[in-house]
Amino acid sequence: MAAWSGVVRWRRPWVFWAILAVLGGFSGFLRADAGRHAISSFHASVEPLLRTYCFDCHGDGIAKGKVAFDGFASDAELVEQRDLWWRVLKNVRAGLMPAEDGPRLTAEERARLEHWIKYEALGLDPQDPDPGQLTLRRLNRVEYGATVRDLLGIEFDSEAEFPADDTGHGFDNLGEVLTTSPLLFEKYLQAAETIVDKAIPRFPTAPAQRVIPGREFQRPGGRSGSDLRVGSQAALTHRFQVSQNGRYAVVLDLGVRRSFDFDPARGKVRVSIDGVEQRQWAVAWSSPGTKVEAELDWTAGPHEVRVELNPEDSETPQDAGKGGVQPSREAAPTGVVQVPSSLKEPQAAVPATLPPPEGTYVDLRINTLQVTGPLDRAHWRPTKNYARFFTRPEPPTEPVERERYLREILRTLASRAFRRPVDEPTLDKLVGLAVAIASQPGRRLEDGFARAAMAVLASPRFVFRLEQPLEEEAGRQFPRVDEYALASRLSYFLWSSMPDRELTDLAARGDLRKQLPQQVQRLLNDERSKAFVRNFAGQWLQARDIQTVSINVRTILVQSGRRDADLKTAFDAAMRRSLRTETETYFEYVLRQDRSVLEFVDSDYAFVNARLAAHYGLPPVKGDELRRVTLPEGSPRGGVLTQGTVLAVTSNPTRTSPVKRGLFVLENFLGQPPPPPPANIPPLEDSAHSSGGRELTLREALAEHRANPLCSSCHARMDPIGFALEHFDAMGQWRERDARQAIDPSGQLVTGESFANIQELKRVITGARRLDFYRGLTEKMLTYAIGRGLTYQDVIAVDEIVARLESQQGRFSALLTGIIESAPFQKQRRPPPVQAGTLTLHLRAVSPP
Amino acid sequence: MNALPSVDSALRRRQRHLALDRRQFLRGLGACLTLPVFESALAPLARAAIATAAAGQPLGVTASGAPLRMAFVYFPNGALQRNWWPATPGAGFEFGPTMEPLAALRSAVQVVGGLDHKNAMAGNDGGGDHARANATFLTGMRARKTDSADIRAGISIDQVAAQHLGHLTRFSSLELSCDAVRKSGSCDTGYSCAYQYNISWRSPTTPMTPESNPRLVFERLFGSGGPEERQRNLALRQATQKSLLDFVLDDAKAVQRRLGAKDRDKLDEYLTSVRAIEQRIQRSESFGPLPVTSDPPPGGVPSDFGEHMDVMYEMLALAFETDSTRIATLLLAGDGANRAFPEIGIPEGHHYCSHHQGKADLMEKVGRIDRYYMQHFARFLEKLQGKKDIDGKSILHNSMIVYGCGNADGNRHTHENLPVLLAGHAGGSLQAGRFAQFSSQPMSNLFLSMTDRLGVSGLERFGDSTGRLAGI
């Protein structure tokens, strides 16, 4: 490559540049010289090390792990194997290589090897580091929901309405992985309409309206509830006050919830207001939901809406076929329940002799009660959110003025939504769309604005995070991103949402970088930074999964010899919620108090409420609120590894998994995921035989497993860590024994450090293996922050952050600032100028000769 | 815990049958009183007939002119081999324990043995058999081993078919999944989760996101709101959407012009999606009014997994019955799923059990889980068999439905002799009611034999195909 480019460079420089540009920049060219230097320095300083320490397994005809340093055609080819060298760097740093049974590198040798790999083999340039290839990021559904909330001021349940996003490297915000399918775009279109209809008022003023959720209805005994079981006799009532005389509109929204299997129950629903029947109809398994609407003249004072359900004969075909809604507005206004004879016909299809299938049901559910009024214009009030979008109390009437007004308010909305000033051609199109709608007969200016707002939400400028380089650096190889892009990178990192006005204003003035530390602090102090805790910690520690992980409480309790515990509550939804909150609270504490990140591994405190204290066997505390407690001397708790979330999500439903737990720690704490298991896992039957029929303990079984050299290289790394956690069952509770066997938590890491129990293992990680943890956490958080998997080009950035952590005693702020100031976060690769070329060609082709 | 109580379940099934019969009766009644279900189905059929008559190649129809449907249902973690396979090949086969729930459907299903997905085998990629099992299942291709950068599987066979005959129906294809909640953290070693939660791929790099919420599927098929307002809601919505699409298309093109190569691909996904919806709206106008169903709209995702499967199958059945689409995929769970089945007395996770290492108790549990999945599939087939198509045959008769897994033996992660069932007669061109035993043929060959029946022309090869599967 080097020789070839040398020749071509002379004859056709533009071809050379074009090709290099296509290949993704100038690095390839710059490498030509660097490559020659790398080879000579390889011979001088690295080759002897390889011969001494590595060739026993990776040379002279041996290729353990399919790696042989002398297996390449030339030294030049060997030096160019960047992924290989990146792996060497990782393994040497983790202490995995040279393997423990051979001679170890001296500190000087190790430093020399690391230096050569970083600056020669990988060709990293600390003066102008490559920020890496970042792919255009689509908002994931969490970010979409948060952005809509901050842009328009309404809640949109994006997690219910959008399909789940795909993930990579354990995170759901990676540009490469977030694809767009027709289904998703269809959802975007629908969401745009739903959201805008909910968020943007079409009138400056409107009658007062209150929406009462169904759960605020009361049963006769006074208990609240929203559901009535069809087939039973029951009623729900809601009483409320109105303060003015006048005409009111009432809408009662009723839904039907049903089991999948048919249920023969049927009932009669009767809705009355202030004792006057409004409607009466039959309800059954196949009935759809319905709305009862009424307009009434009310005097100020108390009023009452009542929904009654009475049992009725089983469903007959006729009613069901019509959907079950039988309005009977003409029914007697008195409270007499009249049963039309047609409803009493004996059911034909379902013989009464068959017992009903188990677990089937039909429920009538009150979704909402909406009371609007007084309807008289004199009582109308300014609509909520009107001023958020419309700067004038009433839209102008004169056409030119209307268009100017639309342009003004659409510019504001679109620039906010796109997180950078909207360009004029785009604004023209938006205004055109708004005017087209607003000028239709019967439509208001607000309708036009709303339609354009839908277009804004469906635009790729909203859905994707488009970035630009700083104008003055646009010609550079690795320009910094402009301040609008930086504002978005910050806000989506720390808030999972769009930048607020202050960030955008600073970006507009070009002052954001000047105030970066203060702004980061402000973002962290804001309530929205809880999203960082939820989304980063929720995925890094998999705390999100605790609410759904399947755990068989009975089996776990029996194994731990705790038959006395209450099966129902030991690991119920409330417990799972507490556990998740515990992990989030803990993370948030370390973050907000700017503690050392090593406290994720070990600490002398924990956050518990009454149930968690009991769960963990800690001195009792009262109430549901989590509070910080200092742990007793020698407690195995402290840090996140021994929290219920991590312990449960790394278990199988019926038992712990030392392998999964070990893997979790290696992957998420030490940044050293073992290579994938061999594809064809050899069966364990053989090892079972050797036990002579006796059931092996997990430790024995895994020891057998490790006797197989194919398995041992990784299991020797995972299993000891997992066994150190064996005193914790799959719910995270302490146990002395596992199925009547004593537990031995002692072990040794492959790097040589031995430990007697989990307390000691934590101290090993926060002590001797501290840098591994710093690096592991940095890599995870950087991945999350920049939305892509890391490559060898990121080694410099990660090393700098790790050094910063080490020099600042592991403070959380050192990590955050380190990430935010790093090249991958601040810069971008200049996109290859492919488009300019094709555009020019295109123009030539169409222009007249 | 006991296995499924057989008497109860028989009663339950009988009850269910009655409920179904009743429903069908209602539907018949509905057809007399209101808009016939098949009125909407007839319009595209007529069109299809005309189109195919001209081309001489029947597209998406059976010999009798009824719609021909194709679906793929994926179950996870392979099958317990000894319970899956019938003992003797041919028409005289007897179901193994896993397929016993299909007894009543014997003449409508074909057990297909000897199909392989060699591209799901490890090769030089090492671990990750679950991710590969999913990614290769309908693509026949080797998935690129990556956690994020340059994801690439292959176009899936359902999408190939959709490109050819998607225009015949309101929806060119339907992608469903029962994986409503996703695990965080990494998926199968070194593979992005995209490989495990998608089986349908529109292009080698873009998966077709499946829908797991039955309420949203229903609303897509039949509109939102009460039965009487759905048509109007759809019309309003489409009018609004049309006014937005021009802007979005224009805007996306403008944005795309400024981007680098990689980002242009991302925008291309967006543009393609916009065009797909644009076409759908245009097409939907030509299909006349929305299909109607007397079935009530489902709620959200049921908490019970069995119920979730049932209701997603129900949506699929409704989609086929109303000819809303002829191509569908349903991913019951991503391969490697470790779901526990307390409802049938199995507290351990499925994946954990599937690595049974020959232990009798775990094997017994895997057998029960396989059977549980099969029971729900059988309910679905029964439902399709009970629905009458326009030619008087059943919908099942006019379908070809693959039920299978990209993992053969979950214990050993093999990808040869995959567990595959082919249900339906494809309108008479499939010889159901037997155990067809092949000797090591690519699964892709089966796919080509299916798309041939759909009238997809010009498809010489697909995935790792070596030819057609003769004599199915």
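Computed from a predicted structure; not experimentally measured. Lettering follows sequence order; numbering is per chain, from 1.
Ring geometry for A:Y188 versus B:Y270: interplanar angle of 30 to 60°, hence tilted.
A donor-acceptor pair is defined here as one N or O able to donate and one able to accept, closer than 3.5 Å; such a pair exists between the side chain of B:K266 and the backbone of A:G175. Listed for the B:S192 side chain is a donor-acceptor partner under 3.5 Å among the backbone atoms of A:T167. Proximity of a side-chain donor or acceptor of B:E269 to a complementary backbone N or O of A:S181 within less than 3.5 Å is not detected.
Of the atoms belonging to B:D179, not a single heavy atom falls under 4.5 Å from chain A. Using a 4.5 Å cut-off between heavy atoms, B:R215 touches chain A through its side chain atoms alone. Only the side chain of A:S550 comes within contact range of chain B, with heavy atoms under 4.5 Å apart. Proximity to chain A (any heavy atom under 4.5 Å) is restricted, for B:A276, to the side chain, taken from C-beta onward. Heavy atoms of B:T205 lying under 4.5 Å from chain A belong exclusively to its backbone. Heavy atoms of A:E159 lying under 4.5 Å from chain B are absent altogether. For chain A, the nearby part of B:L245 is the side chain; its heavy atoms alone come within less than 4.5 Å. Only the side chain of B:K145 comes within less than 4.5 Å of a heavy atom in chain A; its backbone stays farther off. In this structure, the portions of B:D251 lying under 4.5 Å from any heavy atom of chain A include both its backbone and its side chain. For A:R655, the part lying under 4.5 angstrom from a heavy atom of chain B is the side chain only. With a 4.5 angstrom heavy-atom cutoff, A:N668 does not touch chain B via any of its atoms. Residue contact with chain A, scored on non-hydrogen atoms closer than 4.5 Å, involves the side chain of B:R202 exclusively. Both the backbone and the side chain of B:P207 come within contact range of chain A, with heavy atoms under 4.5 Å apart. Contacts between B:P302 and chain A at a heavy-atom distance below 4.5 Å are absent for every atom of the residue. Neither the backbone nor the side chain of B:S212 comes within contact range of chain A; no heavy atom of the residue lies under 4.5 Å from a heavy atom of that chain.
Between chain A and the residues B:E175, B:R275, B:M208, B:R220, the largest count of heavy-atom pairs under 4.5 Å involves B:R220.
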Applying salt bridge (Lys or Arg N to Asp or Glu O under 4.0 Å), run through B:R280 and A:E186 and close with a yes or a no.
CA-CA 10 Å; B:R280 159 113 44 87; A:E186 186 185 333; 2.9 Å; yes

